Amino acid sequence: MKRIRKAVLPVAGLGTRFLPATKAVPKEMLTVVDRPVVQHVVDEAREAGIEHFIFVTGRGKAVIEDHFDISYELDRTLQERGKQEAYEALKKDLPAAGQTSFTRQQEPLGLGHAVWCAREIVGDEPFAVILPDMLSRGSMVQMLKAYDQHGGNIIAVEEVAPDQTHQYGIVSVGQEFGDTFEITGMVEKPPKGTAPSNYIISGRYILQPEIFSILERGERGAGGEIQLTDGMKRLSETQKFYGMHYRGKTYDTGSKLGFLVANLAYGLERPELRDALKQEIEALLKKG
């Protein structure tokens with residue numbers, strides 16, 4: 001069983017829900033506290049042992065590539081001004097040379113199409129897909145443990161209230177193995193009251209390379225797009241899929257509310273910000 005070395009990060013989306021902020025700035029570069037959303041996601045994957053990051057980009061996303069590159073002028077300025085701590089922090093954040101690749105999704109044809117665009121770089125090995133909108137702590141570590149246990153294809157899931165299932169991709173639950181279970185079906189945004197469970201697909205996947213030949217067919221699904229969920233359903237006809245209960249909280253920074261909550265949650269984790277931030281929140285609540 002090949003280990004998971006590569007992760008695909010689809011970052012070509014236009015971020016229309018955050019206009020005008022995302023007119024010139026990619027949504028993935030919006031900051032949660034003092035780190036871009038995409039940096040938080042890369043941090044999570046590096047912690048899990050991912051070695052190679054494949055960014056599927058689009059027009060106007062070059063700043064993401066710049067962010068994961070050396071900035072000679074900034075580095076020199078920080079050193080000349082004696083800001084060694086800031087300089088070392090920037091160095092620590094950078095993936096090593098050759099650990100990042102960038103490829104273009106030239107048309108907005110859906111998540112499945114974005115993943116397919118990475119096929120030549122991924123090659124013939126299993127890989128992770130990480131949606132940069134979804135911030136979590138330790139999810140990829142749990143995902144790789146589940147992969148070591150089962151092999152095959154793994155999807156991270158979380159529970160939501162039954163009245164929210166129509167907003168997400170939902171999985172059906174088969175045999176359970178503690179924190180993991182066999183997935184017996186998948187449906188994208190089922191009508192209210194029809195979901196097979198309240199387990200949502202939460203933006204972390206481990207997939208076998210056979211998914212590429214399925215996505216290559218270009219079959220359109222919801223919204224006229226090539227949906228990754230449809231491709232996984234087809235792959236599940238010949239390969240096993242397992243769900244992994246993520247024991248934590250995922251923040252959907254693709255929504256305004258989720259983005260604000262993520263900033264509060266991550267800010268409260270910072271010792272130098274926690275007390276002052278609590279006071280500011282309490283003061284705002286009193287005014288409200």
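This is a predicted model, so every value here is computed, not measured. Reckoned from all heavy atoms, side chains included, excluding hydrogens, waters and symmetry mates.
- Between atom OG1 of residue Thr22 and atom CD of residue Glu28 there is a gap of 9.5 Å, rounded to the nearest 0.5 Å.
- Side-chain heavy-atom separations under 4.5 angstrom define the hydrophobic clusters, and Leu19 shares its cluster with no other residue.
- A donor-acceptor contact closer than 3.5 angstrom links the side chains of Thr180 and His150.
- Under a 4.0 Å N-O distance rule, the pair Arg137/Glu47 does not qualify as a salt bridge.
- Between Arg220 and Leu109 there is a side-chain heavy-atom pair separated by less than 4.5 Å.
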Query - Residues Met244, Lys145; criterion side-chain contact (heavy atoms from CB on, under 4.5 Å); working and verdict - result: CA-CA 10 Å; Met244 185 279 297; Lys145 287 181 179 177; over 6 Å; no
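- Of the possible polar contacts, none joining the Asp179 side chain to the His245 backbone as a donor-acceptor pair under 3.5 Å is found.
- Screening Lys2, Arg119, Lys6 for a salt bridge (Lys or Arg N to Asp or Glu O under 4.0 Å) with Glu125, the sole residue that qualifies is Lys6.
- Of the charged side-chain nitrogens involved, none lies within less than 4.0 Å of a carboxylate oxygen, so that Glu158 and Lys249 do not count as a salt-bridged pair.
- One finds the CD1 atom of Ile155 at 11.0 Å from the CD1 atom of Ile206 (value rounded to the nearest 0.5 Å).
- Using a cut-off of 4.0 Å between Lys/Arg side-chain N and Asp/Glu carboxylate O, Arg204 and Glu44 are scored as salt-bridged.
- Here the closest heavy-atom approach between residue Pro132 and residue Thr253 is recorded as O-OG1, 4.1 Å.
- Side-chain atoms of Glu65 do not come within 3.5 Å of backbone N or O of Thr100 as any donor-acceptor pair.
- Between Asp163 and Lys192 there is no salt bridge, since none of the side-chain N atoms of the basic residue sits less than 4.0 Å from a carboxylate O of the acidic one.
- In this structure a side-chain-to-backbone donor-acceptor pair under 3.5 Å is missing from Asp252 to Met134.
- Remark: side-chain polar atoms of Gln99 are paired, donor with acceptor, to backbone N or O of Ala96 under 3.5 angstrom.
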Requested in this report: Carefully, step by step, assess Phe68 and Val38 under the rule side-chain contact (heavy atoms from CB on, under 4.5 Å).
Outcome: CA-CA 10 Å; Phe68 290 103; Val38 70; 4.0 Å; yes
Query raised in the report: Under the side-chain hydrogen bond (donor to acceptor under 3.5 Å, both in side chains) criterion, do His113 and Glu225 qualify, and how do the steps go?
Result: CA-CA 8 Å; His113 181 258; Glu225 296 182 337; over 6 Å; no
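- Side-chain contact, Glu210 with Gln239: a donor N or O sits under 3.5 Å from an acceptor N or O.
- Between Asp133 and Lys27, the shortest heavy-atom contact is OD2-NZ, 3.1 Å.
- Looking at Asp34 and Arg270, a side-chain N of the basic residue comes within less than 4.0 Å of a carboxylate O on the acidic one, giving a salt bridge.
- Checking His67, Arg46, Arg35 one by one against Asp93, the side chain to side chain donor-acceptor pair (under 3.5 Å) holds for a single residue, Arg35.
- Nearest heavy atoms, Ser136 versus Tyr246: CB-OH, 3.5 Å.
- Residue Phe212 comes nearest to Val115 through the heavy atom pair CE2-O, 3.3 Å, listed as atom of the first residue, atom of the second, then distance.
- Asp230 contributes no side-chain N or O that, together with a main-chain N or O of Ile226, makes up a donor-acceptor pair within less than 3.5 Å.
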